[in-house]
Amino acid sequence: QETLLSVDSLDVKFEVADGNIHALRDVSLAVEKGETVGLAGESGSGKSTLALAIVQYLDANGWVDDGSITFEGEDLLSASKRDLRSIRGNRIAHVAQNPSSSLNPSMTIGAQIRETIELHQDIDSDAEGTRRVHDVLEQVNLPNPAGIADRYPHELSGGQQQRALLAIGLSCNPDLLILDEPTTGLDVTTQAKFLDLVEDLKAEYDAGILLITHNLGVISEIADRVNILYAGEMLEKGPVEDVFTTPANPYTQALLATTPEIGADKEVKPIPGRIPELDAIPEGCIFADRCEFATEECRTGGIEMASVDDERDHESRCLHWQDVVDNPIDVPAK
Ligand code: ATP
Ligand code: MG
């Protein structure tokens with residue numbers, strides 16, 4: 001396997017009125033070619049920030065403070081503006097979290113897709129351009145491509161907008177597809193179809209996929225590996241089947257206990273306490289205040305990632321990971 005994307009020890013900060021927010025701390029993540037990697041965590045944990053840091057679309061008050069991002073062997077953080085533009089348009093497609101705000105409201109869907117296609121490929125005739133647009137709309141399973149192409153974003157449903165955005169992303173034939181909450185707001189049936197589509201596309205394009213979602217059900221469905229982010233720190237990572245059946249971090253354990261299966265109407269057991277504020281990060285483990293395994297030791301010094309299973313690249317940022325593994329809690333079946 002070939003590493004497509006490698007994020008190493010990344011720190012991201014935002015400048016705000018009363019100081020700095022340290023939104024990502026020592027975050028590492030890798031995506032191999034042809035692999036679907038899930039990135040999960042509660043709202044505000046930094047998932048979108050990580051995606052935006054990768055494509056260098058962080059808000060103007062944000063910056064990468066430390067660490068590295070390598071894509072296909074190239075250091076993205078030191079790439080020129082021009083190289084970055086070309087990488088973003090040709091090799092990395094970022095489907096942002098909010099489809100309606102990522103589409104241009106004053107251009108038809110067809111015109112937006114065509115613009116992307118023309119940035120990357122020579123189109124010989126108007127008819128060929130139209131055909132390419134219809135092809136890519138068909139690929140994302142939008143019915144009646146000709147009709148959809150002529151519509152403006154507000155004339156589409158949320159699910160259709162999401163597909164349109166994916167079509168724009170795919171029209172550059174990317175090596176890496178970053179999908180930020182692609183199924184939020186979709187009904188269960190549409191969600192399932194969207195996931196099937198992503199699987200098909202992965203097979204067809206042999207692209208790597210970074211799938212961002214707070215929905216662990218979605219990850220269990222299509223991801224190979226998973227990364228669990230909490231308040232800006234990666235707490236656990238590993239193959240989906242390992243992490244979901246043998247979570248080695250109390251946060252992952254609690255998160256799994258709060259996850260109803262896709263479409264199931266199970267009662268959710270909330271995790272007591274709340275996520276810490278990012279402008280006042282406690283010393284020691286970031287989850288200690290909400291953790292039933294926490295000891296004095298957890299509240300001092302930095303806690304490093306520990307290897308749970310070397311061969312399978314399963315890691316947990318927890319001093320008590322062995323206790324956690326030995327004391328499984330009732331986790332809903334996959
Ligand atoms: P969600 O699931 O709700 O999409 P997320 O995991 O994607 O959440 P982010 O949007 O990455 O979370 O935000 C992570 C943290 O960074 C939050 O505390 C957020 O308030 C903060 N943040 C994001 N952008 C900025 C900004 N431009 N300025 C200041 N703080 C920011
Ligand atoms: Mg987000």
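Order of listing sets the numbers, starting from 1, for every ligand and every atom in it.
- The shortest separation from a heavy atom of Ser45 to ligand 1 is under 4.0 Å, placing the residue in contact.
- With a 4.0 Å cut-off on non-hydrogen atoms, Asp180 does not touch ligand 1 at all.
- When heavy-atom distances to ligand 1 are checked against a 4.0 Å cut-off, Leu58 has no atom that comes that close, whether in backbone or side chain.
- Between Glu181 and His214, the closest side-chain pair of non-hydrogen atoms falls below 4.5 Å.
- Against a heavy-atom cut-off of under 4.0 Å, Val16 is close to the following atoms of ligand 1: 29 (C).
- For Gly38 against Ile219, the heavy-atom pair with the smallest separation is CA-CD1, 3.9 Å.
- With hydrogens left out, the protein atom closest to atom 2 (O) of ligand 1 is Lys47 NZ, 2.8 Å, a heavy atom.
- Residue contacts with ligand 1 include Gly44, since one of its heavy atoms falls under 4.0 Å from the ligand.
- Residues Arg225 and Glu35 come closest through the heavy atom pair CD-OE2, 3.0 Å.
- Atom 24 (N) of ligand 1 has Phe14 CZ, 3.4 Å as its closest protein atom, hydrogens excluded (heavy atom only).
- Annotation: side chain of Arg131 is in contact with side chain of Asp135 (closest heavy-atom distance under 4.5 Å).
- For the 3.5 Å distance criterion, the side chains of Glu32 and Thr3 qualify, holding a donor opposite an acceptor.
- No side-chain donor from either of Asp180 and His94 sits under 3.5 Å from a side-chain acceptor of the other.
- The nearest protein atom to atom 3 (O) of ligand 1, hydrogens excluded, is given as Ser43 OG, 2.6 Å; this is a heavy-atom distance.
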side-chain contact (heavy atoms from CB on, under 4.5 Å) for Gln253 and Glu236? Distances and angles first, verdict last. CA-CA 10 Å; Gln253 223 182 36; Glu236 186 164 5; over 6 Å; no
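- In Asn61, the part holding a heavy atom less than 4.0 Å from any atom of ligand 1 is the side chain.
- The angle Ser48:OG - the Mg ion (ligand 2) - Gln97:OE1 amounts to 80°, with values rounded to 10 degrees.
- Residues Asn249 and Ile228 have side chains not in contact (no heavy-atom distance under 4.5 Å, counting atoms from C-beta outward).
- Contacts between Gln97 and ligand 1 below 4.0 angstrom, taking non-hydrogen atoms only, involve the side chain exclusively.
- Those atoms of ligand 1 with a heavy atom of Leu278 less than 4.0 angstrom away are 15 (C), 18 (O).
- Residue-level proximity to ligand 1 for Asp59 is carried by the side chain, the only part with a heavy atom below 4.0 angstrom.
- Between Leu255 and Tyr230, the closest side-chain pair of non-hydrogen atoms is not below 4.5 Å.
- Polar contact check, Ala23 against ligand 1: no nitrogen or oxygen pair lies under 3.5 Å apart.
- Residues Val27 and Asn227 form no side-chain contact, since every pair of their non-hydrogen atoms from C-beta on lies 4.5 Å or further apart.
- To the nearest 0.5 Å, atom CG of residue Leu229 and atom CG of residue Leu39 are 5.5 Å apart.
- At a distance under 4.0 Å, a protein heavy atom can be found next to atom 27 (N) of ligand 1.
- Distance check on atom 31 (C) of ligand 1: some protein heavy atom falls below the 4.0 Å cut-off.
- Of all protein heavy atoms, the one lying nearest to atom 13 (O) of ligand 1 is Thr49 OG1, 3.6 Å.
- Each of the following atoms of ligand 1 lies closer than 4.0 Å to a heavy atom of Ser48: 4 (O), 5 (P), 7 (O), 10 (O), 11 (O).
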